[in-house]
Amino acid sequence: MTEWTEFARCQILRPHHLLSVTPSAPIRMSQVRVRFAPSPTGFFHIGSARTALFNWLYARHTGGKFILRIEDTDQARNSEEFLRLIYDSLTWLGLDWDEGPEPSGSGDRGSCGPYRQSQRGAIYEEYKRKLLDAGRAYEKDGAIWFRLLGERYEAYDDHRKKTVTKVRNEKVVIDDRIRGRVERVEDEDFVIFRSDGNPVFHFVNVVDDITMQVTHIIRGEDHLSNTSKHVLLYAGFGAQPPAFAHIPLILKSPEMGQGKMSKRDQGALVEEYRQRHFLPEALVNYLALLGWNPGDDREKMPIAEIIRLFDLPGVNQSNARFDAKKLANMNMTYLLELPPDRFVALAQDYLRAHPAGAAARAQPGYFREVMLLAQPKIKGIEELPAYTAYFFTEDYAVDAKVKDKVMAKGEPKARLGELLAALPTLDFASDAAIEEGIKQLAAGRGLGFGDYQAVTRLAVTGTNAGPSLTAILRVLGAPRVQARLERFLAGA
RNA sequence: GCCCCUAUCGUCUAGCGGCUAGGACAGGAGAUUCUCAUUCUUCAAACCGGGGUUCGAUUCCCCGUGGGGGCACCA
């Protein structure tokens, strides 16, 4: 019996954990199992989100399992807050995991747990033992090193400025599903347990992927150089390595500078989009297009379609630059198509989180009407407060520039006076009725609707941009319109 | 310094030996709607360089160059 088949079920491997979890059906060897393995040491990065997304898409495309593993071995930098953020961000994006910790903190889902590395110490000890017993690891300076096979020699390392022991070693061949055949020489023993007793990333990563039966490792290209170490570790354990797929990195946009996107870059954090009330489906759609395409010209696609079309060979090999404008455009197109109920709920949520005076306290029916007037006009939710301010207060600002421009043309004050006088006879029942009324008023003087439009809009909204004037008048209602016109005329 | 990956409009990309090199975002100019936004039309915009292979290279190979990543008792 090889090690590999021994690992066929996590239950066999780790019988003592069977006590705390419900045994699941045996894992079919043919089933795709992918994992996303973030460490809770910082905010949730857009690059991490895309790595999670590609893994999730592949799992959903193949009918496999998406595993969430928390790499929290760095006690110094871990925080429960960041862990929470991982759960919340994935959930917000709609990337549900089949196995992994329960966000509630009440145990795990899946039978290959625990899924937090901080709880897997016993497993790492067990695997360290295997290597030690097999002579593939040794102790030096209090740390445990993985032993490479081959002839040793001394060499000066120019980067580290010291002499190191090298090993003459065969090239490690990585058959990458995205990059093809990649060869790399690993020619130094490396630490797998630090002298403080803690295992290092390479070790826990491989042990976890073996014990969690991961079949495909989809991760950022920054890990490509690590992969030779990982392949060697797999061999050291007598395990067959999974398929690797290294996806391109997300780089800063040209305005942001050079290099890969870092957490300090504007727009790099998923949290930011959540706070700005971007639509998660828009962000997901945009992210999917960064490094992948469906093979034709389509860009806006429902998630089911992305799942259907997504596959590893379709992933690009070169890095992609982040484009905030394209994301914003994607978000707008999703916003325009959002069902009214969802838009109103989103608006409510946003205005509650971003105090906008009376808007949050408005009557639900009135609030809804105003928001639905704004929906087809705005490019992002954050425009909402300014765009709808005058609906919720009589103390709205008047744009001086717009005023200068509008008042300079024709006889705006006369038009306003005429409209004010006609107001009592104007039918506010519908947009069409209001339009008809103003047109009649205009026609009587040989004028058109346009002669009243700009100045009336200025008077009742203080600006020149907004929903159709007739809709504004109708929603505001005759009394408020009258008050605003009177006040404006008095001030002008 | 060494190792690995990579290279089509400003950006995301299509192209898988023969194309007027296509689409999208952003930008310019128009049109439409009562303003604005949307929408529509339209313009400008790219095969990094040099060698090969081939009847023919954006496409295949090599070398440069550019870009990116990695070289820890970080993950």
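Here is the naming used below: chain letters follow the sequence lines, and residue numbers restart at 1 for every chain. In what follows, every heavy atom counts, from backbone to side chain, and hydrogens, waters and symmetry copies are set aside.
Note on A/Gly448: nothing from the nucleic acid sits closer than 4.0 angstrom, heavy atoms only. Nucleic acid contact class of A/His202 (heavy atoms, under 4.0 Å, all strands): base. Among the protein residues, A/Ser195 comes within range of the nucleic acid bases, having at least one heavy atom under 4.0 Å from a base atom. Among the atoms of the strands shown, only primed sugar atoms or phosphate atoms (P, OP1, OP2) are found under 4.0 Å from some heavy atom of A/Gln258.
A centroid separation of 6.0 Å or more is found between the aromatic rings of A/Phe193 and A/Tyr124. Between A/His223 and A/Phe201, the distance from one ring center to the other falls under 6.0 angstrom. Ring pair A/Trp292/A/Phe310: centre-to-centre distance below 6.0 Å.
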> What is the per-nucleotide protein-contact pattern of nucleotides 4-14 of chain B, from the 5' end, where B denotes a base atom under 4.0 Å from a protein heavy atom, S denotes such proximity for sugar-phosphate atoms only, and - denotes neither?
Replying inline: SBSS--SBBSS
> If the sugar-phosphate is the primed atoms plus P, OP1 and OP2 and the base is the rest, what is the B/S/- string for nucleotides 31-42 of chain B, using protein heavy atoms under 4.0 Å?
Replying inline: ---BBBBS----
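The pair A/Asp208-A/Arg120 meets the salt-bridge criterion, since a charged nitrogen lies less than 4.0 angstrom from a carboxylate oxygen.
Partners of A/Lys377 under the salt bridge (Lys or Arg N to Asp or Glu O under 4.0 Å) rule, at least two apart in sequence or in another chain, do not exist in this structure. Partners of A/Arg342 by side chain to side chain contact (heavy atoms under 4.5 Å, CB included), not counting sequence neighbours, listed by chain and number: A/Leu279, A/Glu281, A/Leu338, A/Pro339. A/Asp196 pairs by the salt bridge (Lys or Arg N to Asp or Glu O under 4.0 Å) definition with A/Arg194, not counting sequence neighbours. The salt bridge (Lys or Arg N to Asp or Glu O under 4.0 Å) search around A/Arg457 returns none, not counting sequence neighbours. Under the rule for a ring pair (Phe, Tyr, Trp, His ring centres under 6.0 Å), A/His246 has no partner lying at least two apart in sequence or in another chain.
Listed by first and then second residue, the ring pair (Phe, Tyr, Trp, His ring centres under 6.0 Å) pairs involving residues 147-166 of chain A amount to none (not counting sequence neighbours). Applying the salt bridge (Lys or Arg N to Asp or Glu O under 4.0 Å) rule to pairs touching residues 149-158 of chain A yields A/Glu151-A/Arg168, A/Arg152-A/Asp189, A/Asp157-A/Arg160, A/Asp158-A/Lys161, sequence neighbours excluded.
Near RNA chain B, defined here as any heavy-atom distance below 4.0 Å, there are no residues from residues 402-414 of chain A. The stretch residues 260-267 of chain A touches RNA chain B through A/Lys260, each having a heavy atom within less than 4.0 Å of the strand. Contacts between residues 155-163 of chain A and RNA chain B, defined by a heavy-atom separation below 4.0 Å, involve A/Asp158, A/His159, A/Arg160, listed by number.
The distance from atom CG of A/Leu327 to atom C1' of B/rA26 is 14 Å, rounded to the nearest whole Å. Taking atom CG of A/Asp176 as the reference point, atom C1' of B/rG69 lies 14 Å away to the nearest angstrom. Rounding to whole angstrom units, CG of residue A/Leu251 and P of B/rG67 are separated by 11 Å. Atom CD1 in A/Ile86 sits about 15 Å away from atom P in B/rA75, given to the nearest Å.
In terms of position along RNA chain B, the nucleotide closest to A/Gly259 lies nearer the 5' end than the nucleotide closest to the other residue of the pair A/Asp196 and A/Gly259.
Applying the Watson-Crick and G-U wobble criteria (two distances, each under 3.5 Å), B/rG66 pairs with B/rU6. Nucleotide B/rA44 is matched to nothing when pairs are restricted to Watson-Crick or G-U wobble geometry with both distances under 3.5 angstrom. Across all strands shown, B/rC19 forms no Watson-Crick or G-U wobble pair with both key distances under 3.5 Å. In a base pair of the Watson-Crick type (N1 to N3 plus N6-O4 or O6-N4) or a G-U wobble (N1-O2 and O6-N3), with each distance short of 3.5 Å, B/rA31 is matched with B/rU39. Nucleotide B/rA24: paired with B/rU11 (Watson-Crick or G-U wobble, both distances less than 3.5 Å). Base-pair partner of B/rC71: B/rG1 (Watson-Crick or G-U wobble, both distances under 3.5 Å).
Across B/rC71 and B/rG64, the matching C1' atoms stand 24 Å from one another, rounded to whole Å. For the C1' atoms, the distance from B/rU8 to B/rG66 is 15 Å, rounded to whole Å. B/rC48 and B/rG68 have their C1' atoms separated by 16 Å, with the value rounded to a whole Å.
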>> Checking A/Glu183 against A/Arg181 for the salt bridge (Lys or Arg N to Asp or Glu O under 4.0 Å) test, could you report, in this order, the C-alpha distance in whole Å, the side-chain angles of both residues, the deciding distance, and whether it holds?
In response: CA-CA 7 Å; A/Glu183 295 180 349; A/Arg181 182 188 172 97; 2.9 Å; yes
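In this structure, A/Arg194 reaches the B/rA75 phosphate: one of its side-chain N or O atoms is under 4.0 Å from OP1 or OP2.
By the 30° and 60° cut-offs, the orientation of the rings of A/Phe190 relative to A/His202 is perpendicular.
The only member of A/Glu271, A/Glu383, A/Glu382 that meets salt bridge (Lys or Arg N to Asp or Glu O under 4.0 Å) when paired with A/Arg276 is A/Glu382.
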